[in-house]
Number of protein chains: 2
Amino acid sequence: MSNQTPRRTDPANDLLRATTRLNRWASRHASFDLPVAQARLLSLIDDLGPTRISTLAEADHSSQPTITAGVQRLEAQGWAGREPDPTDARATLVSLTKEGRIALAAARKARAAVLAPVIDALDAGERARLDEAITVFEEVLDRASLAVPNLQAQHRKEA
Amino acid sequence: MSNQTPRRTDPANDLLRATTRLNRWASRHASFDLPVAQARLLSLIDDLGPTRISTLAEADHSSQPTITAGVQRLEAQGWAGREPDPTDARATLVSLTKEGRIALAAARKARAAVLAPVIDALDAGERARLDEAITVFEEVLDRASLAVPNLQAQHRKEA
DNA sequence: CAATATTACATAGAGAGGCTATGCAAAGCA
DNA sequence: TGCTTTGCATAGCCTCTCTATGTAATATTG
C-alpha cells in the first residue's frame with residue numbers, strides 16, 4: 001500500500017521526513033492552489049511590514065534573486081507593491097496590497113481546510129499533543145535559525 | 001533580523017507554516033545537497049522495493065510524469081535501475097542500485113547532521129516533546145493519506 | 001476472435017522556484 | 001576624491017511539478 005508507518009531512523013531524519021511528506025501532501029491537495037513559495041512570501045511580507053528585498057531573503061533563508069523574482073510574481077498579480085526606501089535610494093520597500101492580504105487570507109483558509117478534517121478527527125488528547133508538537137517545532141526552528149548564521153558550505157557533487 | 005515567534009493563527013496553519021519553514025531551512029543548509037525531491041524518491045523506492053512508476057506516483061502523491069522524470073534523473077546518476085515487469089510488458093520495475101543506497105544513506109546523514117546540533121541542544125524534556133511531536137505528525141500524515149478520497153488504493157493483482 | 005477500452009509509461013510544453021555569477025548605481029569610507 | 005561595500009536586477013541554468021497527449025500492451029466484450 002502507500003507510505004504508512006515509515007521506519008524510524010533518528011529524530012532529525014524522522015522529523016524532516018514527516019515535515020516533507022506533510023508539506024507535499026498539503027500542497028498537492030490544497031484547493032486554492034497558491035504556490036507554496038508565494039504563500040510563504042506573502043506571509044513573510046505580511047509579518048514584517050514594508051520590507052527590503054534583502055531582509056526578506058534573509059528571513060526566508062533564500063537568495064536575494066529568488067526574492068526579487070518572487071516579489072515580481074506577486075506584483076504581477078497585484079498582491080504586492082514597492083516604494084522607494086526614503087533612507088536609501090538603492091533599496092525598495094515591499095508591502096502587501098489590499099488584494100495581497102485578501103489572497104493571503106484565502107490561501108490560509110484553503111490550506112487549513114485541507115488539514116482541518118484530519119485535525120478535527122483527532123481526540124482531545126491528540127489535539128493537545130499536536131499543539132505541543134507545533135510549539136516544539138517552532139522552538140526548533142528558532143534555534144535552527146540562530147544556530148546557523150553563515151553556513152554556506154557548498155560542495156558541488158560531481159555528476 | 002529573522003522571523004522568530006510567528007503569530008499563531010489556527011492549528012492547521014501553524015502546522016503547515018512550521019513544517020514549510022523547517023523544510024526550507026533544512027534544504028537550504030544541507031551540506032550534501034541532494035535535491036529534496038530526489039531524496040524523497042530514493043527513500044520511497046528504498047521503502048517499496050522494485051516498484052512500478054505508477055505505484056511510486058501514487059505513494060508520493062504526485063503525477064506519473066513527475067515520477068518518470070525523477071526516475072530518469074536517478075538513472076542518469078546511476079542511482080536507480082529498471083527491469084521489465086515479468087507480469088506486464090507495459091510496466092517497468094524501478095529499484096535502487098548499490099550507489100543509490102549509498103547516496104540515500106549519505107543524504108540522510110547530511111540532513112540529520114544539519115539538524116543534529118539543534119536537537120542535541122534540546123534538554124531531555126524537550127527531546128521527549130519532540131519525539132512525541134514526530135509521532136503525532138506521522139499519525140496526522142497517515143490519516144491525511146487515508147482521508148483523501150480520490151487517491152484510492154490501486155488494485156493489487158495477485159500472481 | 002476482432003474491435004474497443006483501459007492501463008502503463010513516455011514525451012511535450014509550460015511555468016514556478018531555486019541557485020550562482022555578474023552588472024550597476026547608491027552609499028560608505030579612506 | 002576615489003575605492004569598497006551594499007542593494008537590487010538580470011542572465012543563465014537547473015529541478016520539480018503540472019496537464020495534455022501519444023504509444024504500446026493488456027483487458028474486455030460483442
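Numbered from 1 within each chain, the chains take letters A, B, ... in sequence-line order.
With rounding to whole Å, B/Leu93 atom CG is found 13 Å from C/dC9 atom C1'. Rounding to whole angstrom units, CG of residue A/Leu42 and C1' of C/dA16 are separated by 14 Å. Going from atom CZ of B/Arg52 over to atom P of D/dA25 covers 15 Å, rounded to whole Å. Between B/Asn23 atom CG and C/dG18 atom P the separation is 12 Å, expressed in whole Å. For the pair B/Glu83 CD and C/dA8 C1', the interatomic distance rounds to 17 Å; values are reported in whole Å.
Looking at residues two or more places apart in sequence or on another chain, you find a side-chain contact (heavy atoms from CB on, under 4.5 Å) between A/Ala26 and B/Leu16. Taking the side-chain contact (heavy atoms from CB on, under 4.5 Å) definition, one finds that B/Ala107 meets it with B/Phe32, B/Leu34, sequence neighbours left out.
Side chain of B/Thr92 to backbone of B/Glu83: no donor-acceptor contact under 3.5 angstrom is found.
Residues A/Ser43 and B/Arg21 have side chains in contact (heavy-atom distance under 4.5 Å, counting atoms from C-beta outward). The closest side-chain heavy-atom distance from A/Arg52 to A/Asp88 is below 4.5 Å.
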Can you give one letter per nucleotide of nucleotides 9-19 of chain D, 5' to 3': B if a protein heavy atom sits under 4.0 Å from the base, S if only from the sugar-phosphate, - if neither?
-> BB----SBBBB

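Residue pairs meeting the salt bridge (charged side-chain N to carboxylate O under 4.0 Å, His left out) criterion with at least one member in residues 117-128 of chain A, sequence neighbours excluded, are A/Glu126-B/Arg143. Pairs of residues two or more places apart, or lying in two chains, never qualify as salt bridge (charged side-chain N to carboxylate O under 4.0 Å, His left out) while including a residue from residues 62-71 of chain A.
A/Thr68 and A/Gln64 share a side-chain donor-acceptor pair at under 3.5 Å.
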Could you go over nucleotides 23-26 of chain C and give all protein N or O partners under 3.5 Å, atom names and distances?
unit_1	atom_1	unit_2	atom_2	d
C/dA26	N3	A/Arg90	NH1	3.4

